[in-house]
Amino acid sequence: MEIPKTYDPKQAEERHYARWESAGCFAPEINKDPHAPVYSIVIPPPNVTGSLHMGHALQHTIMDVLTRYQRMLGKRTLWLPGTDHAGISTQIQVEKQLRKEEGLTRHDLGREKFLERVWAWKQQYGGEITKQMRREGASVDWSRERFTMDEGLTRAVREFFVRCYDEGLIYHGEGMISWCPKDQTALSDLEVEKEAQAGKLYYLQYPVKGADRRVTVATTRPETMLGDTAVAVNPTDERYADLLGATLELPLTGREIPVVADEFVDPEFGTGAVKVTPAHDANDYAMGQRHGLAQLKVIDQHAHMTADAGAEFEGLDRYEAREKVVEKFEELGLLEKVVDYEFSITKCGRCRTVIEPLISLQWFLKQAELGRAALEAVREKHEPRFVPETPYEKVYTSWLENLHDWTLSRQLWWGHRIPAWYDEAGNVYVARSEDDARRVAGTDKLTQDADVLDTWFSSALWPISTLGWPDADAPDLKTFYPTSVLVTGRDIIFLWVSRMMMTGLKFAGRKAFDDVYITGTIFDKHGQRMSKSKGNGVDPLDVFDKYGVDATRLVLASIGGTDTRWNDNQVESYRNFANKIWNAARFCLLNSEGATVGKGFEGEPSSWALHDRWIMSRLNRTAREVGRAIEEYQFHEAVYALYHFFWDDFCDWYIELSKTDVTAQEASPARDAARSRVINVLEQALRLLHPFMPFITEELWQTLPGIGGESLHAAYAGAEPTIMLAAYPQALEALIDERAETEMQAVIELISRVRNIRTELNVKPGEEVQLFVSTGGNGNVFAASVSQIKRLTRAASVSFKDSLAEVPRASARQALAGGVEVAVPLEGLIDFEQERARVGREREKLEKESQRLEAQLSNPQFTERAPAEKVEELRQRVAEIRQRTDALAQMLEALAE
RNA sequence: GCCCGCUUAGCUCAGUGGUAGAGCGCACGCUUCACACGCGUGAAGUCGUAGGUUCAAAUCCUACAGCGGGCACCA
């Protein structure tokens with residue numbers, strides 16, 4: 001049999017995914033057990049324009065580990081993939097292409113033609129991330145892939161809209177919104193970003209009418225003064241008490257504005273007097289409503305000044321207008337001062353243009369009403385359960401406690417068009433279809449609202465709409481809802497988690513997911529957030545190419561919920577681990593003649609050899625630990641347990657201990673059995689590893705002798721043999737054998753101590769030694785392992801003695817746990833002085849520890865107050881240390897001149 | 001301004017009220033018939049600082065410092 005010495009991940013990766021997919025392994029229908037419990041995840045839909053980044057790779061790995069694990073447990077498992085239509089990004093992308101290739105704008109094409117182009121673009125480029133997910137090994141059910149602009153999901157969006165409108169939760173009206181002058185659309189709170197900025201604070205003076213007095217206001221945006229309709233002061237501010245109700249002459253405008261009292265004003269800040277521009281600032285808007293102030297729009301949708309700003313300013317850009325206003329104030333002697341000032345500025349999350357707050361006619365959703373149910377669910381029942389609970393449950397609840405109306409409409413073409421129609425008189429009809437609207441309106445002359453809905457409006461429905469809602473009888477909805485867990489990053493808690501919960505509770509009557517697992521953030525190696533603009537992102541596909549998908553997945557699974565600085569070293573070490581697995585399998589396969597998976601551990605465990613009892617104990621303990629860890633979302637613990645079981649227990653010890661039997665020249669039933677045992681352990685280990693490392697485990701599993709359809713979990717009987725449908729190993733408690741582990745530990749310690757002696761005393765690697773072992777009177781646990789001890793320590797002989805009193809003086813000695821002592825005669829290699837120093841140092845160290853422990857034991861406070869078992873534990877430890885120091889003392893004597 | 005998280009070996013990170021852990025890196029020795037992406041052996045930390053609770057604190061509490069994050073305000 002020819003097996004390369006080094007594992008080539010790419011070769012294995014290419015082979016298996018297509019086969020799994022075409023065999024239908026990812027679809028829940030592969031499960032033929034009608035009573036199988038259900039496990040379901042909907043992917044948080046990535047942006048259709050996007051490509052895979054580390055955050056996706058991390059989330060997808062977690063979701064795939066969970067899905068594969070649950071599938072191997074025999075559950076009917078669904079992981080549903082899809083993308084969202086990303087209104088603004090997609091539209092911008094297509095517009096850019098249009099401009100570049102044909103020099104056209106979307107308006108040149110018209111709405112209908114433009115949308116055809118978007119769909120064409122989506123067909124051509126939109127599949128990027130789904131292709132990349134195949135590379136990751138994601139076991140998603142592609143037959144259920146959804147896109148937010150699909151017909152079914154569009155129907156869901158309309159249903160959502162109409163129902164909320166009918167209930168008065170959605171309304172059409174004027175409100176203060178965030179407007180992006182570049183993208184030419186309204187944005188919600190969650191689509192804008194605050195950014196610190198070094199700017200200036202301008203102190204402007206407004207003359208008081210009929211008095212030789214001026215009121216100074218401070219502002220970062222002087223140009224908005226053209227739209228001021230009042231100045232506000234705190235009602236308790238004595239400095240301005242006499243001005244309440246006074247009139248100010250607003251410079252540059254010829255208008256007169258009142259001084260009003262409002263508690264919002266902080267007397268400590270600035271001058272204590274605030275200019276009020278209700279049409280261009282959210283706080284001023286609110287103040288304007290409280291005082292019935294006029295809303296004067298002086299800035300338009302392009303961030304240019306309007307006619308109402310005055311002839312001098314009309315048409316100027318907002319920043320040009322700012323300069324000019326300041327100039328004029330200076331000329332008039334009304335500019336008191338200008339100071340440097342750092343403040344935060346609001347920018348469009350997508351294009352970074354400074355947002356212009358505007359009053360505008362839009363559609364809004366009263367989220368607070370929907371949020372109430374979500375808030376109750378989390379407060380009363382911890383639904384959903386956040387992992388980790390701190391700090392995310394609190395982040396979630398505090399957001400739900402402060403919900404503002406959600407600006408739903410977007411002035412775009414790409415998206416779900418708002419299902420509202422207007423008749424010639426301007427009356428609005430909200431309906432599920434134009435026909436419905438016509439019926440209600442009693443006329444055919446209707447015009448549909450030109451705007452589309454926020455992309456997140458459709459994402460909010462994702463867990464129910466992808467499963468068939470609003471069709472209440474949709475089989476998938478009945479079967480897979482509520483979903484088991486939502487896995488996502490923390491920046492998405494408001495955007496998705498909260499809104500999906502709200503819609504799930506409202507329309508399906510139940511929480512959208514049991515758990516919400518929040519992944520960590522991956523930074524670059526300097527701790528900087530990865531970003532396109534900084535160019536410091538690590539492309540997961542490059543990492544896959546360099547180290548393999550399985551190795552990358554192990555790193556990502558270990559990262560789980562922790563913030564981490566990315567470091568290729570970790571991937572490299574798991575690449576090495578994959579290679580280790582490959583080579584362990586290589587050893588098994590090169591010695592597989594006569595072996596069969598599932599055999600070799602016949603009969604009573606008590607009749608098995610020590611190392612066999614031991615490895616089965618370790619294996620089952622590992623299975624228990626890994627299962628527990630995955631269930632508790634402690635993926636790093638699962639990876640740690642698997643890594644150390646495979647490398648340390650299986651490779652370093654079990655294979656080495658089995659080698660003589662496995663590699664025997666002559667075929668024999670004993671050799672067959674030993675070969676079957678290593679393959680048996682390997683096979684179970686591969687299954688345990690599979691959710692984390694799907695490709696290499698499948699690649700190797702397929703080659704094992706005796707693997708076939710009968711290796712599958714009962715729920716998948718009849719399917720093509722694949723490890724992904726095999727049963728996940730469940731811990732057999734009866735095989736977890738404390739005694740075997742303790743005894744094996746003694747053997748391992750003995751071998752390690754002898755190796756240590758060999759190294760410390762520079763015994764040549766090939767040179768054989770003799771061992772003298774005193775077993776300390778607790779029975780000889782080594783006797784059955786003599787041949788293995790000889791092999792692994794390169795010993796020609798092992799002699800058991802009651803005491804080491806009579807071994808040659810020129811021996812290196814070690815005192816082990818349990819009163820075991822070992823001596824290695826090394827005539828000519830022993831420097832007595834050095835050896836005495838070495839043993840002396842060891843004795844000193846133990847002496848120190850036992851002194852410390854004895855002091856603790858002699859403290860009555862401790863013995864009285866500490867739990868009895870702790871005291872006993874300590875006593876035993878002291879006894880153990882005593883035994884070893886005594887042994888070391890004797891060794892020193894033996895080494896004495 | 002309010003809230004939260006983190007601070008453990010050179011690096012990246014686990015961990016726990018009762019003997020400090022891993023991977024990488026480092027040192028030494030190895031063509032040991034699966035693997036140098038390897039084997040064997042080893043060195044390395046007063047667990048951010050200062051207090052407190054406790055028989056016992058790296059682990060719990062308080063304060064502080066540094067780093068990071070969220071929310072609000074920002075005239």
Side-chain angles (χ1 to χ4, degrees), chain A residues 3 5-7 194 196 201-204 217-221 224 231-232 264-266 269-277 281 283-284 287 341-345 388 390-392 394-395 398-399 402 490-491 493-494 521 523 525 527 529 547 551 555 558-559 562-570 572-591 634 636-637 639-640 643-644 651-652 655-656 659 663 751-752 755-760 762-766 791-792 794 849 852-853 856 859-867 869-871 873-874 877 881:
Chain A
I3 305 167
K5 282 190 173 189
T6 306
Y7 170 56
K194 303 270 174 78
L201 193 57
Y202 301 84
Y203 287 75
L204 309 179
V217 295
T219 180
T220 55
R221 301 196 60 193
T224 62
V231 164
F264 169 77
V265 180
D266 174 5
F269 191 90
T271 61
V274 184
K275 61 189 277 306
V276 184
T277 324
D281 179 278
N283 290 313
D284 292 7
M287 248 193 291
Y341 182 62
E342 182 168 314
F343 62 106
S344 80
I345 197 158
T390 22
Y392 300 118
K394 201 171 167 190
V395 168
S398 57
W399 191 74
N402 290 295
R490 63 168 146 263
D491 48 334
I493 293 175
F494 309 141
T521 306
F523 302 96
K525 65 179 164 196
R529 192 173 283 276
Y547 300 104
V555 174
S558 318
I559 287 173
T562 316
D563 289 356
T564 305
R565 298 180 183 209
W566 185 265
N567 190 340
D568 270 8
N569 286 342
Q570 301 163 59
E572 193 177 327
S573 92
Y574 285 126
R575 188 270 317 263
N576 296 349
F577 179 53
N579 196 240
K580 188 72 182 177
I581 295 170
W582 180 260
N583 276 288
R586 186 165 178 266
F587 170 80
C588 295
L589 292 168
L590 291 172
N591 296 287
Q634 301 298 315
H636 62 284
E637 292 179 1
V639 170
Y640 183 94
Y643 183 95
H644 290 285
C651 294
D652 286 353
I655 287 182
E656 294 305 329
K659 228 165 209 175
T663 60
I751 293 168
S752 300
R755 284 171 168 174
N756 173 246
I757 287 171
R758 294 185 62 112
T759 303
E760 295 265 311
N762 295 315
V763 178
K764 288 202 177 61
R791 179 188 163 87
L792 297 179
R794 291 240 164 186
E849 198 189 341
R852 211 191 68 216
L853 298 178
Q856 202 179 342
N859 178 359
Q861 300 271 46
F862 171 70
T863 45
E864 281 162 27
R865 300 199 196 187
E869 59 191 62
K870 290 287 172 200
V871 179
E873 213 178 281
L874 210 63
R877 249 175 61 211
I881 292 169

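Here is how names work: the chains are called A, B, and so on, in the same order as the sequence lines, proteins then strands, and each is numbered from 1.
Aromatic pair Tyr640(A)/His636(A): ring centres not closer than 6.0 Å.
Using cut-offs of 30° and 60° on the angle between ring planes, the pair Trp582(A) and Tyr7(A) is tilted.
Atom name P, nucleotides U12(B) and U54(B): the rounded distance is 38 Å, in whole Å. Nucleotides C39(B) and A22(B) are separated by 16 Å at their P atoms, to the nearest Å. Separating the C1' atom of C33(B) from that of A44(B) is a span of 36 Å, rounded to the nearest Å. C24(B) and G66(B) have their P atoms separated by 36 Å, with the value rounded to a whole Å. When the C1' atom is used for both C4(B) and U53(B), the distance is 24 Å, rounded to whole Å. Atom name C1', nucleotides C6(B) and C13(B): the rounded distance is 12 Å, in whole Å. Nucleotides A56(B) and G52(B), compared at atom P, are 12 Å apart to the nearest Å. The same atom, C1', is picked in A20(B) and in C47(B); the two are 8 Å apart, to the nearest Å.
Residue Ser558(A) is classed as having no contact, given no heavy-atom separation below 4.0 Å to the nucleic acid. At a threshold of 4.0 angstrom between heavy atoms, the contacts of Val276(A) with the nucleic acid are absent. At the heavy-atom level, Tyr341(A) lies under 4.0 Å from the strands shown only through sugar-phosphate atoms. Across all strands shown, Ser344(A) has heavy atoms under 4.0 Å from base atoms, whether or not it also approaches the sugar-phosphate.
The shortest side-chain heavy-atom distance between Phe577(A) and Tyr643(A) falls under the 4.5 Å cut-off. Here the side chains of Lys525(A) and Trp566(A) are not in contact, with every heavy-atom distance at 4.5 Å or above. Arg221(A) has its side chain out of reach of Thr277(A): every pair of non-hydrogen atoms, C-beta onward, lies at least 4.5 Å apart. Looking at heavy atoms from C-beta onward, Arg490(A) lies out of side-chain contact with Val395(A) at the 4.5 angstrom threshold. Side chains of Leu589(A) and Arg586(A) form no contact here, defined as non-hydrogen atoms less than 4.5 Å apart. Looking only at side-chain heavy atoms (C-beta outward), Thr219(A) and Leu201(A) stay at 4.5 Å or farther from each other. For the pair Phe264(A) and Asn283(A), the minimum side-chain heavy-atom distance is below 4.5 Å.
Between C30(B), C3(B), G69(B), one nucleotide has an atom nearer to the side chain of Pro765(A) than all others, and that is C30(B). Of the candidate nucleotides G23(B), G70(B), C74(B), G70(B) has the atom nearest to the side chain of Phe494(A).
Listed by chain and residue number, Glu849(A) satisfy the salt bridge (Lys or Arg N to Asp or Glu O under 4.0 Å) test with Arg877(A) (two or more places apart in sequence, or in another chain). Listed by chain and number, the residues in a salt bridge (Lys or Arg N to Asp or Glu O under 4.0 Å) with Glu572(A) are Arg575(A) (sequence neighbours excluded). Taking the side chain to side chain donor-acceptor pair (under 3.5 Å) definition, one finds that Arg794(A) meets it with nothing, sequence neighbours left out.
Residue-to-nucleotide contacts include no donor-acceptor pair under 3.5 Å from the side chain of Ser398(A) to the base of C71(B).
A donor-acceptor pair shorter than 3.5 Å cannot be found between the side chains of Thr521(A) and Arg529(A).
When the P atom of A22(B) is taken as reference, atom OH of Tyr574(A) falls 13 Å away, rounded to whole Å. Nucleotide G23(B) holds its C1' atom 7 Å from the NE2 atom of His644(A), rounded to whole Å. Nucleotide A72(B) holds its P atom 18 Å from the CZ atom of Phe343(A), rounded to whole Å. Between Arg490(A) atom CZ and G70(B) atom P there is a gap of 8 Å when expressed in whole angstrom units. Residue Arg758(A) contributes atom CZ, which lies 10 Å from atom C1' of U32(B) at whole-angstrom precision. What separates CG of Asn402(A) from P of C71(B) is a distance of 11 Å, to the nearest Å. Distance, Arg794(A) CZ to C30(B) C1': 10 Å, rounded to whole Å. To the nearest angstrom, P of U54(B) lies 16 Å from CD of Glu864(A).
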Dot-bracket line, read 5' to 3' along RNA chain B, where crossing pairs take [ ] and | marks a partner on another strand, Watson-Crick or G-U under 3.5 Å: (((((((..((((....[..)))).(((((.......))))).....(((((..]....))))))))))))....
What one-letter contact string describes nucleotides 6-18 of chain B from 5' to 3', where B marks a base within less than 4.0 Å of any protein heavy atom, S marks contact via sugar-phosphate atoms alone, and - marks no contact? ------SSSS--B
Under 4.0 Å protein heavy-atom contact, by nucleotide of nucleotides 34-39 of chain B - B base, S sugar-phosphate only: BB-BSS
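Comparing Phe269(A) and Glu849(A) against RNA chain B, the residue whose closest nucleotide sits nearer the 5' end is Glu849(A).
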